[in-house]
Amino acid sequence: MTSYPMTRLRRTRATAWSRAMHREVLVTPADLIWPLFVTEGQGVEDPILSLPGVSRWSVDGIVARAKEAVALGIPCLALFPNTQPDRRSEDGKEALNPDNLMCRAIRAIKDACGGDIGVLTDVALDPYTSHGQDGLIDEAGYVLNDQTVEMLVGQSLNQAAAGADIIAPSDMMDGRIGAIREALEGASHTNVQIMSYAAKYASAFYGPFRDAVGSSGLLKGNKKTYQMDPGNAEEALREVEMDLAEGADSVMVKPGLPYLDIACRVKETFGVPVFAYQVSGEYAMIEAAVAVGAADRDAMVLETLVAFKRAGCSGVLTYHAAHAARLMGS
Ligand code: PBG
């Protein structure tokens, strides 16, 4: 006598309507944060060779991208400046200039789009320093924590004054979230959020980003004395715990796919909004696979994004944001 399985998990997978009905997580344009690189000039689109399909835009182009994002249902942009070389210095003080590229871009987006889109701004000194490190360095090149935090506080207030909605410190200094939160409260920026790059690893996946902001040629050495060791998971939970205690509204795990376990553990441990940054090297990997005919871009992009949602993320920073939003809408 043949025995049949009573439970057949394939039953619910047999038709498209049934698969749709049983799908546990969905990714929508509202889950996306679109990172954009700003450059000087007017009418400039400057393609980034190591990030095929991604360009630096002058402020007018950034505004056009912001309008595009609104139309696509993308709720938030993440801005990064490519600071002119003559505005970079040992101490990165251009970060404090109320008329720097970043502040001009923030104001232009807010003028054009008002409350239709959020602007998340990166806080760290690497786009402004002549040495490409995220903070102030001593003679030996060691990145100084407390002195850097003072600069980051000034940078955050500068961005908030220009209209930033979410301050996103990516520097990995200790104690910066508390210091920035206190300063924001003191300056009546009560509703300006902080999304902390809480668990940011010293990763080999950031190469194209450093090209994009123009710091790769400047950077000597690495960032291992402040960014996390890829072998550590318990430490990521401590980082997140600290940043939450200091007032972070949401936390980020970065890079994305290679660190999905961290995103998942952070969500399970703290139950707070967790975001993942699918970083430049991850984007470049997908595009490289597509370029040699080894992958279907659309399917791969959507699959990676749903993976972040399944792991517990509230959203994803991705250079594929506009493309993905278009796919979701079609
Ligand atoms: C630096 C910063 C980096 C990224 C975002 N902010 C690079 C680094 O730490 O060197 C990487 C993003 C990406 O690779 O897409 N503050």
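Just so you know, ligand 1 is whichever comes first in the structure, and atom 1 is the first atom listed for that ligand.
Applying the 4.0 Å criterion to heavy atoms of Asp122 picks out, from ligand 1, the atoms 6 (N), 16 (N). Ligand-side atoms of ligand 1 in range of Phe209: 2 (C), 3 (C), 4 (C), 5 (C), 6 (N), 7 (C), 11 (C), 12 (C), 13 (C), 14 (O), 15 (O), range being under 4.0 angstrom from any heavy atom. Remark: ligand 1 atoms within the under-4.0 Å shell around heavy atoms of Lys254 are 2 (C), 3 (C), 4 (C), 5 (C), 6 (N), 11 (C), 12 (C). Ligand-side atoms of ligand 1 in range of Gln227: 8 (C), 9 (O), range being under 4.0 angstrom from any heavy atom. Within the listing of ligand 1, atoms 16 (N) sit less than 4.0 angstrom from a heavy atom of Ala124.
Scanning Lys200, Met172, Gln133 for the heavy atom closest to atom 9 (O) of ligand 1 points to Lys200. Closest heavy-atom approach to atom 15 (O) of ligand 1 within the set Tyr319, Tyr226, Phe37: this belongs to Tyr319.
Asn158 and Gln155 share no donor-acceptor pair across their side chains, judged by distance under 3.5 Å alone. Remark: the Thr15 side chain and the Trp17 side chain contain an N/O donor-acceptor pair separated by less than 3.5 Å.
The shortest side-chain heavy-atom distance between Phe209 and Leu51 does not fall under the 4.5 Å cut-off. The shortest side-chain heavy-atom distance between Pro169 and Ile177 falls under the 4.5 Å cut-off.
Contacts with ligand 1 closer than 4.0 Å are made by side-chain heavy atoms of Tyr277 only, the backbone lying farther away.
Among all protein heavy atoms, the one lying closest to atom 14 (O) of ligand 1 is Ser280 OG, 2.7 Å. Looking at atom 16 (N) of ligand 1, its nearest protein heavy atom turns out to be Ser170 OG, 2.7 Å. Ranking protein heavy atoms by distance to atom 1 (C) of ligand 1, first place goes to Asp126 OD2, 2.9 Å. The protein heavy atom nearest to atom 8 (C) of ligand 1 is Lys223 NZ, 3.3 Å.
Results of the side chain to side chain contact (heavy atoms under 4.5 Å, CB included) test with Arg65 over Ile74, Val38, Leu77, Leu36 single out Leu36 as the only residue that passes. When each of Leu32, Val279, Thr304 is tested with Thr318 by the rule side chain to side chain contact (heavy atoms under 4.5 Å, CB included), just one qualifies, namely Leu32.
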task = Dump the intermediate steps for salt bridge (Lys or Arg N to Asp or Glu O under 4.0 Å) on Lys67 and Asp116, then the final yes or no.
result = CA-CA 9 Å; Lys67 290 179 179 165; Asp116 291 344; over 6 Å; no
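Taking a 4.0 Å cut-off on heavy atoms, Gln278 fails to register as neighbouring ligand 1.
By the 6.0 Å and 45° rule, Lys223 does not stack over the aromatic ring of Tyr226.
Remark: Asp126 does not engage Arg210 in a salt bridge, criterion side-chain N to carboxylate O under 4.0 Å.
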